[in-house]
Amino acid sequence: MEQSKAILTNSGGYTKFIFKGKTITFMHGKNLLRYLQVKEWEDGYLVVDCLGKVKGTYEDYIDMPYILEKLYMDPKAFLSGMKGVTIQYA
C-alpha cells in the first residue's frame with residue numbers, strides 16, 4: 001500500500017479510516033452496504049459513492065476533520081502527507 005494514501009472500508013455497521021498505521025473507527029448509517037468509490041477528497045473531506053440496502057447507489061459525505069476533533073486528535077497533524085483515499089475490501 002502506498003504510504004501517502006488512506007484506506008476507507010466498512011464492516012458490521014462501522015467504517016474504518018486507516019492512515020499512518022492508525023485506524024479510526026466510527027459508526028455509519030444502517031443503510032450502507034459498502035463504499036464504491038471516492039469521488040472527491042480534499043483535506044480530509046470526502047465525497048463517496050455508496051451502495052445501500054434501501055437506496056441502491058447514492059452519494060455520501062465524510063468529514064474526517066470533524067470526526068478527528070471529536071476524538072481529541074489534531075486533524076492537521078493526522079491528515080498531513082495524505083495524498084488521497086482508496087477503498088479496500090478483503
Side-chain angles (χ1 to χ4, degrees):
M1 176 187 74
E2 191 177 329
Q3 294 296 326
S4 63
K5 290 203 172 193
I7 295 173
L8 181 67
T9 190
N10 72 295
S11 178
Y14 293 92
T15 290
K16 292 183 182 183
F17 187 86
I18 305 162
F19 187 59
K20 293 183 180 176
K22 294 183 179 170
T23 302
I24 308 300
T25 304
F26 52 95
M27 293 178 71
H28 57 251
K30 294 179 182 180
N31 181 54
L32 180 68
L33 290 173
R34 67 184 296 131
Y35 293 105
L36 300 174
Q37 74 172 7
V38 177
K39 293 170 64 172
E40 294 180 39
W41 171 87
E42 185 174 336
D43 297 326
Y45 300 95
L46 292 93
V47 179
V48 294
D49 278 338
C50 304
L51 178 62
K53 297 175 189 173
V54 178
K55 297 181 184 180
T57 302
Y58 66 98
E59 184 176 273
D60 205 357
Y61 309 90
I62 301 172
D63 183 347
M64 284 307 299
Y66 175 81
I67 293 167
L68 293 166
E69 286 173 359
K70 293 298 178 190
L71 295 171
Y72 301 101
M73 296 176 72
D74 180 359
K76 287 186 180 183
F78 181 80
L79 298 170
S80 71
M82 187 181 302
K83 304 285 187 226
V85 180
T86 60
I87 294 175
Q88 181 177 322
Y89 289 95

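Just so you know, these numbers use all the heavy atoms, side chains as well, and skip hydrogens, waters and symmetry mates. Since the model is a prediction, treat every value here as computed from it, not as a measurement.
Nearest heavy-atom pair across Phe26 and Met64 is CE2-SD, 3.9 Å. The minimum heavy-atom distance between Pro75 and Glu69, with the atom names listed, is CG-CG, 3.5 Å. Between Tyr45 and Pro65, the shortest heavy-atom distance links the atoms CZ-CG, 3.8 Å.
Using a distance-only test at 3.5 Å, with no hydrogens or angles considered, no donor-acceptor pair links the side chain of Lys55 to the main chain of Cys50. Using modelled atom types, one side-chain atom of Thr9 and one backbone atom of Gln88 make a donor-acceptor pair closer than 3.5 Å.
In the hydrophobic clustering of ILVMFWY residues, with side-chain heavy atoms under 4.5 Å counting as a link, Leu46 and Ile18 come out apart. In the hydrophobic clustering of this structure, Phe19 groups with Ile24; members are Ile, Leu, Val, Met, Phe, Trp, Tyr whose side-chain heavy atoms approach within less than 4.5 Å, directly or through other members. Side-chain heavy atoms closer than 4.5 Å link hydrophobic residues (I, L, V, M, F, W, Y) into clusters, and following such links, possibly through other members, connects Val85 to Ile87.
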Identify all side-chain donor-acceptor contacts of residues 31-40 below 3.5 Å with residues at least two apart in sequence or on another chain.
residue: Asn31; atom: OD1; partner: Lys53; partner atom: N; Å: 3.0
residue: Asn31; atom: OD1; partner: Val54; partner atom: N; Å: 2.7
residue: Tyr35; atom: OH; partner: Thr15; partner atom: OG1; Å: 2.7
residue: Gln37; atom: NE2; partner: Asp49; partner atom: OD2; Å: 3.0
residue: Lys39; atom: NZ; partner: Glu59; partner atom: OE1; Å: 2.6

Side chain to side chain contact (heavy atoms under 4.5 Å, CB included) assessment of Leu79 paired with Leu68: CA-CA 10 Å; Leu79 298 170; Leu68 293 166; 4.0 Å; yes
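Atom NE2 of His28 is separated from atom OH of Tyr14 by 9.5 Å, given to the nearest 0.5 angstrom. Annotation: the span from Trp41 atom CH2 to Thr86 atom OG1 amounts to 12.0 Å, rounded to 0.5 Å. The NZ atom of Lys16 sits 10.0 Å away from atom CG of Asn10, with the distance rounded to the nearest 0.5 Å. To the nearest 0.5 Å, atom CZ of residue Phe17 and atom OG1 of residue Thr23 are 10.5 Å apart.
Listed by chain and number, the residues in a side-chain contact (heavy atoms from CB on, under 4.5 Å) with Asp74 are Lys76, Ala77 (sequence neighbours excluded). Legend: residues meeting side chain to side chain donor-acceptor pair (under 3.5 Å) with Tyr72, ordered by chain and number and at least two apart, are absent. Annotation: side chain to side chain donor-acceptor pair (under 3.5 Å) contacts of Asp60 (sequence neighbours excluded): none. In this structure Ser11 satisfies the side-chain contact (heavy atoms from CB on, under 4.5 Å) test with no other residue, sequence neighbours excluded.
For OH of Tyr66, the number of neighbouring non-hydrogen atoms (other residues, nucleotides, ligands) closer than 6.0 Å is 12 at most.
Annotation for Tyr61: hydrophobic cluster partners, listed by chain and number, are Val47 (ILVMFWY side-chain heavy atoms under 4.5 Å, direct or chained).
Residues Ile62 and Leu8 are in side-chain contact: their nearest non-hydrogen atoms beyond the backbone lie under 4.5 Å apart.
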